[in-house]
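Only one structure is covered here, and it is reproduced in the block below.
In this text, all values refer to a predicted model and were calculated from it rather than measured experimentally.
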Amino acid sequence: MYYVNQEQIQHRLDAIPQIVQGLTEAAESWDGSVMLGMVQERALHLAIEVVTDVGSYLIDGFIMRDASSYEDIMEINHEEKVFDGEIYSVLLELVSLRKPLAQEYYLWNRSELHRLTPVLPDILNKFAVQVREYIQQELQL
């Protein structure tokens with residue numbers, strides 16, 4: 001029997017609408033300002049944390065193989081069919097930004113709109129739907 005911490009997964013999925021709002025507003029209003037650059041930076045960072053946290057909870061709960069990196073978390077979840085290839089390719093690119101955002105933040109170019117910023121809102125919403133569907137499907141077996 002699996003123990004999937006659905007409460008913690010749900011808390012993280014519940015953060016997605018605000019992250020989506022931040023990304024959407026940053027992309028639509030982009031002017032290269034420090035303010036929008038910081039909004040974008042924080043929204044991207046939070047998106048990474050959400051998808052890696054949820055992915056880790058799924059790996060632990062459904063007893064998937066151990067992950068060795070953030071990219072591996074995404075790969076394992078994709079292999080287990082938690083989400084589709086479209087989501088996987090974007091999330092793989094997203095998690096590669098963790099080091100630049102969290103450790104090399106002093107090098108981050110806040111004056112440029114990152115190419116993932118306008119793409120991620122749709123992907124994050126699809127991610128949430130597919131994660132919920134996966135959990136429901138797997139726990140009904």
* Asked: Is the CG atom of D31 crowded by more than 12 outside heavy atoms at less than 6.0 Å?
  ->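 Above 12, so yes.
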* Within a reach of under 6.0 Å around CD of Q18, are more than 12 heavy atoms found that belong to other residues, nucleotides or ligands? ->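 Open: at most 12 neighbouring heavy atoms sit under 6.0 Å from CD of Q18.
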Looking at every heavy atom in both [X] and [Y], which two are closest together, and how far apart are they?
| X | Y | value |
| --- | --- | --- |
| A67 | D72 | CA-OD2, 3.3 Å |
| P121 | P118 | CD-O, 3.6 Å |
| A47 | L124 | CB-CD1, 4.0 Å |
| I59 | I76 | CG1-CG2, 3.8 Å |
| L36 | A26 | CD2-CA, 4.0 Å |

Indicate yes or no: at least one non-hydrogen side-chain atom of [X] is less than 4.5 angstrom from one of [Y].
| X | Y | result |
| --- | --- | --- |
| E49 | R12 | no |
| N5 | Y3 | yes |
| I16 | F127 | yes |
| Y88 | L92 | yes |
| L120 | L44 | yes |
| M74 | L94 | no |
| Q130 | I87 | yes |
| V4 | Y57 | no |

* Can you list every side-chain hydrogen bond (donor to acceptor under 3.5 Å, both in side chains) pair that touches residues 110-123, not counting sequence neighbours? ->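 Qualifying pairs: Q40-T117, E41-R110, E93-R115, N109-S111, N109-E112, D122-K126.
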* Asked: Judged by modelled atom types alone, do R132 and Q136 share a side-chain donor-acceptor pair under 3.5 Å?
  ->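 Judged by distance alone, the side chains do not pair up.
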* Flag for Q137-E133: side-chain donor and acceptor within less than 3.5 Å ->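 No donor-acceptor contact under 3.5 Å links the two side chains.
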* Aromatic ring centroids of F62 and Y134 under 6.0 Å? ->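 Yes, the ring of F62 comes within the 6.0 Å limit of the ring of Y134, centre to centre.
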* To do: Take V54 and Q8 through the test side chain to side chain contact (heavy atoms under 4.5 Å, CB included) and record every step on the way to the result.
  => CA-CA 8 Å; V54 168; Q8 289 303 314; over 6 Å; no
